[in-house]
Every structure is written in structure tokens, then in C-alpha cells.
Amino acid sequence: MLDTKIVRANPEAVAQQLEKKHFAFPVERFNELEAKRREVQVETENLQNERNTRSKMIGKAKASGEDIQPLLAEVASLGDKLDAAKQQLNEISAELDDMLLGVPNIPDESVPFGEDEDDNVEVRQWGTPRSFDFEPQDHVALGEQHGELDFETAAKLTGSRFAVMTGKIARLHRALIQFMLDVQTTEHGYTEAYVPYMVNEDSLKGTGQLPKFGEDLFKVPFGDRQYYLIPTAEVPVTNIVRDEIVDAAKLPLKFTAHTPCFRSEAGASGKDTRGMIRQHQFEKVEMVQVVEASQSWAALEEMTGHAEAILQKLNLPYRVVVLCGGDLGFSSAKTYDIEVWLPGQDKYREISSISNMTDFQARRLKARARNPETGKPELLHTLNGSGLAIGRTLVAVLENYQQADGRIEVPEALQPYMGGVTEI
RNA sequence: GGAGGGGUGGCUGAGUGGUCGAAAGCACCGGUCUUGAAAACCGGCGAGUCGAGAGGCUCCCAGGGUUCGAAUCCCUGCCCCUCCGCCA
């Protein structure tokens, strides 16, 4: 959520900045509602004030043994008036809240203008895509050849967009998780976290998936409530600080977590239908940082480096792009995507996304820390990034490390996690 | 699933219808004292929101209700603790 003070002070400026994200902020409707809100709120609060004052007088009168009947008569009509005012205020506030909860974060000045992913801007490249002296296969063909990556069985068990892995490939998949967690905890200073894979509505509101993007989520009815399968560890991990005043001395908080992620991919029918690139269920090792406001831009660069380090250790060629306004996520002020080279597709594909949410999530979460100078609680900044998406990393390893006969070299960094196996 | 006890400020914890946003302690901040620190003593100290300000309003798990007035009474839900049962 944006700072309502800023929106009120200059709605036109906010609207203009949101244009970069191709979001049309309804300035007129907002101003209209704001004016009404102000009016009704003042009226309501005046009535409340009157009620409070008179109730106190009644209390005093009663204590001193006076007759309170005349005083009671005076307040008789107050209740109805107050109820009416309150109801009106509630309606206006609800509409304003709905409006503001649906407004995305303002993109940072450094975010390039653009429509979609084609307008993202490359920041740097690392490594050189390997040149093959044979026709490289994609991971689906490789997996089939090994008999260890099976989409048809998964479709029988569940449906499309799931995978069954067995044997060495299943182990390689697991090795990637362990490897990444170890790097993040021992080399990058993250604290490992284990979190629920189902969350409540409040958590999803806190990080911004709700109320707007419910159709992307898998819902789990539970009694008369509703839980949701997490679409990313960002949700449970970032919500650790919801409604908390964090001890400033403990900042920055740096968490890493391995979780499965569940996405309905509602808007992606027909997109990436082959293989493991876009699944309803996939694993991810996530990085989350909760930092003091002034530190978040440095943290964004740092976290991008942490994700890159994994790819470098795996010796997988990649490039880093900065997302343009049109491709930027709802809660994000700035996002870097890291794209890994996939020989099977002959192009770079997203394998990590690192975002600075500034105070946008923190405001919804009420995640604060006391400023040591002033003693006052101030909003924190939250960031998250994949470090990395496991399924896509597996795809990258299979495709980049394939041999002419279909065997897969095991990257050196993963060999300790594969019991010393060098080839599968 | 059954029985009971609880959810109050950063923390511990008092408060069972009125002058309670809320005792006390801890923590924290300022001061006195001290070469410095500690201790002791004095003072300050919840959050959010509206307002230029004075000040107002809201918040004692959440949502309803009773009442002129609710932290306090009633209803529903959620969460935590103890015991019994079941269980990976």
C-alpha cells in the first residue's frame, strides 16, 4: 500500500508515476471519496466526542448522587445519529481501502519505461553459451532418454503442469536444494527458515497477492475458513515480521527458505506447456531481507549478487536484466531478473527475480522498527529474490551439461551432494 | 475429539461497568551524583489516525451485541497453555 499521506498530498503526481507501470490511478474518484471521507469523519468524530463527554458527565453526576434522568434524556437521539454517521463512514472507508489496496507500488526512478518483457534492459552478462558440436536436446528429451523425468505419469496422478522425477534426476533436483541452502547460509549470511506451505488471507494481503490476484492461487477450504497454498516462500517468510516492531539492533533480517511453490498459472494457458519451465508445483530456495529503509537499495544489489553467485558456482551462463515499468510486479519498486542460458530453447530464460518492495509491503504488514534516534517506530523495507528456482535450475543443468550421447555431467559444485557421482 | 485455564503497551503483569489509554515492574531516553561507569535518586516514555495548531477520534486477540457509557457484561470465531483420548 502506498503512503496515504503522499497520495492525498499530490494524487496527480502519484498517478503520473504509476503510468510507468501502466496503472491508471483514478484521481478524480479518489479526490471525491477523500473529500467525503473527511467530511463524514469529522462529523462522526464530533458526535463521538459529544457522546463521550456526556457519558462522563452522567458518570460524575451518578457518583455524586444527582438525578441522571434529565441527562439521559439529552443523549437519547445521539445514538441513532452516531450510528448513521458511522455507517456512512464505513462505506466510504471501505471503498477507499479497496481502491488503495489495488494500487501498485510506485516504480523507482531508475526503472526503464516499457510495455512488456521485450523492453527489459540488459544490465550485464556472465559466461558464454556453450557451442555444441551436436544438436543439443531439451530437458524433456533428455529426461525421457534417462527414463527419470516423466510428465505423462504426473498427468495421470494429477493433471498437466506437474512432473514425476525418479532416480538420479530426482537426486540431482534434491542436490540443488541442499547446495543452494548451504551457500546462502554459510557464505551469504542468511538464516535458514522452515515455514508453513499454507497461509491465511492476512498473510497474502500483507505481501500483496490479495485482494487482487486470488485467481493465481490454489485455495484450500478448511472448516469455514480458507487457506491458500503459497505461491512463493516470500509470503510466509516476509509475514514473519507482520505486526511486529523489530529490534533495530537485529537488522537486517536475512532469511532463506526452501519451499514448494504452487501457482494456478491461470493466465498462462498455452504458454510453456512443454517440460518443467512452468509448473503448478515447483521448488524454490528463496532469499528474504527485512532492512532499515535507507538500506534497501544496497540490499537489492547485494541479493542480486547472491543469486548470481549460485549460477557462477554452477558455471551456468546468464544475464541480468532490469524489468521495465510494464513488466514490474505489483508490489515491487524495482526488480532484476536473472536469465539463464537454455540450449534447448536457444535463449535466456528467467531463473530468478529479485525485488525491492520498499515500504509497500511493510505498510500492509505493519512491519516496523524503532528508530534509535527518535525512539519512534518506522516502517521497514522488504526485499525478496529467488536463490534460485530449483526446477528451472535443473533444466539448465540438464541442458547445459549434456553430452552427445545424452549423458549429463554433474557440475563440480554439486558432486559432493551426489555422493561423488560425476556423471549421470 | 473431551475437560479446564488464558489472550492487556517493546516485555512481565494489575485492572470485572464511569474521572482507565490503562497500576506496578523491567527495558528505553533525559538529568543529578561520579575521574568514567555501575548503583541510587528525579523526570519522561504505547500505537494509529484526523487537524496548520489547540486538540479530537480509534485501539486492551478478532467480529457482532447490551448500555447514556465496555479492557470489564453477553454471543461467535481465532490463537495459546494444562489434562485425557487419538495420531505421522
task: Figure out the NZ/C1' separation between A/K86 and B/rU49, and round it to whole Å.
output: 16 Å

task: Quickly work out the A/Q48 CD to B/rG51 P distance and round it to whole Å.
output: 16 Å

field: Whole-Å gap separating C1' (B/rG48) and CD (A/E378)
entry: 15 Å

query: Within this structure, what is the CD-to-P distance between A/Q69 and B/rC68, rounded to whole angstrom?
result: 10 Å

So which protein nitrogen or oxygen atoms get under 3.5 Å of nucleotides 59-67 of chain B's nitrogens or oxygens?
none

- prompt: Do the side chain of A/E292 and the main chain of A/L251 share a donor and acceptor less than 3.5 angstrom apart?
  reply: no

message: Taking any heavy-atom pair under 4.0 Å as a contact, classify A/N52: base, sugar-phosphate, or nothing.
response: sugar-phosphate

query: Whom does B/rC68 pair with, Watson-Crick or G-U wobble, provided both distances fall under 3.5 Å?
result: B/rG18

- line: Paired to B/rA54 by Watson-Crick or G-U wobble criteria (both distances under 3.5 Å) is none

statement: Against the side chain of A/P377, the closest entry in B/rC57, B/rC68, B/rA47 is B/rA47

Set of salt bridge (charged side-chain N to carboxylate O under 4.0 Å, His left out) partners for A/E302, sequence neighbours left out: A/K254

- prompt: For B/rA40, what is the paired nucleotide under Watson-Crick or G-U wobble rules, both distances under 3.5 Å?
  reply: B/rU32

task: Choose from B/rG18, B/rU49, B/rC79 the nucleotide whose nearest atom is closest to any side-chain atom of A/R225.
output: B/rC79

field: Inter-nucleotide P distance (B/rG18, B/rA70), Å rounded
entry: 11 Å

message: Once salt bridge (charged side-chain N to carboxylate O under 4.0 Å, His left out) is applied, do any residues pair with A/E423, and if so which ones, sequence neighbours excluded?
response: A/R407

message: Both distances below 3.5 Å, Watson-Crick or wobble geometry, any strand: find the nucleotide opposite B/rC83.
response: B/rG2

query: For B/rG63, which nucleotide in any strand shown is its Watson-Crick or wobble partner with both distances under 3.5 Å?
result: B/rC75

- prompt: Looking at B/rG18, B/rC79, B/rC57, which one has an atom nearest to any side-chain atom of A/S55?
  reply: B/rG18

message: Check for me whether the distance between the ring centres of A/F218 and A/Y228 falls short of 6.0 Å.
response: no

Of the listed nucleotides B/rC57, B/rG18, B/rA47, the one nearest the side chain of A/N49: B/rC57

- prompt: Which residue pairs pass the salt bridge (charged side-chain N to carboxylate O under 4.0 Å, His left out) test when at least one of the two sits in residues 377-402 of chain A, sequence neighbours left out?
  reply: none

Using a 3.5 Å cut-off and no angle test, enumerate the donor-acceptor pairs between side-chain atoms of residues 190-197 of chain A and protein atoms at least two apart in sequence or in another chain.
residue	atom	partner	partner atom	Å
A/Y190	OH	A/Q289	NE2	3.1
A/Y190	OH	A/H306	ND1	2.8

Give me, pair by pair, the N or O atoms of the protein and of nucleotides 19-27 of chain B that are less than 3.5 Å apart, along with how far apart they are.
none

message: Applying a 4.0 Å non-hydrogen cut-off, can you work out what A/K5 is touching in the nucleic acid: base, sugar-phosphate, or nothing?
response: sugar-phosphate

message: When you measure from the side chain of A/S203 to the backbone of A/V199, do you find a donor-acceptor pair of N or O atoms at a distance under 3.5 Å?
response: no

With A/D116 via side chain to side chain contact (heavy atoms under 4.5 Å, CB included) - residues at least two apart: A/D118, A/D119

Mind listing the N/O atom pairs, protein and nucleotides 6-12 of chain B, below 3.5 Å?
none

task: Let me know the distance between CG of A/L89 and C1' of B/rC57, rounded to the nearest Å.
output: 11 Å

A/F262 ring center near A/H280 ring center (under 6.0 Å): no

task: May I have all residue pairs that pass salt bridge (charged side-chain N to carboxylate O under 4.0 Å, His left out) and include part of residues 261-271 of chain A, sequence neighbours excluded?
output: A/E265-A/R278

field: Rounded distance (Å) that lies between atom P of B/rC29 and atom CD of A/E373
entry: 12 Å

- prompt: For A/K5, what residues pass the side chain to side chain contact (heavy atoms under 4.5 Å, CB included) criterion, not counting sequence neighbours?
  reply: A/D3

query: Across the strands shown, which category fits A/K62 at heavy-atom distances under 4.0 angstrom: base, sugar-phosphate, nothing?
result: base

- line: Sequence neighbours excluded, the answer for salt bridge (charged side-chain N to carboxylate O under 4.0 Å, His left out) partners of A/R349 is A/D272

query: In whole Å, what separates the C1' atom of B/rU16 from that of B/rU72?
result: 5 Å

Name every donor-acceptor pair, under 3.5 Å, that has one atom in a side chain of residues 360-367 of chain A and the other anywhere in the protein, sequence neighbours excluded.
residue	atom	partner	partner atom	Å
A/Q361	OE1	A/T382	OG1	2.7
A/Q361	NE2	A/T207	O	3.0
A/Q361	NE2	A/E234	OE2	2.8
A/R363	NH1	A/M1	O	2.6
A/R363	NH2	A/D359	OD2	2.8
A/R364	NH1	A/K205	O	2.8
A/R364	NH1	A/L210	O	3.3
A/R364	NH2	A/L101	O	2.6

- request: Give a yes/no on whether any side-chain N or O of A/R51 is located under 4.0 angstrom from OP1 or OP2 of B/rU58.
  value: yes

query: How do A/P372 and A/G375 order along RNA chain B: which one's closest nucleotide is nearer the 5' end?
result: A/P372

query: In whole angstrom, what separates A/L96's CG from B/rC50's C1'?
result: 14 Å

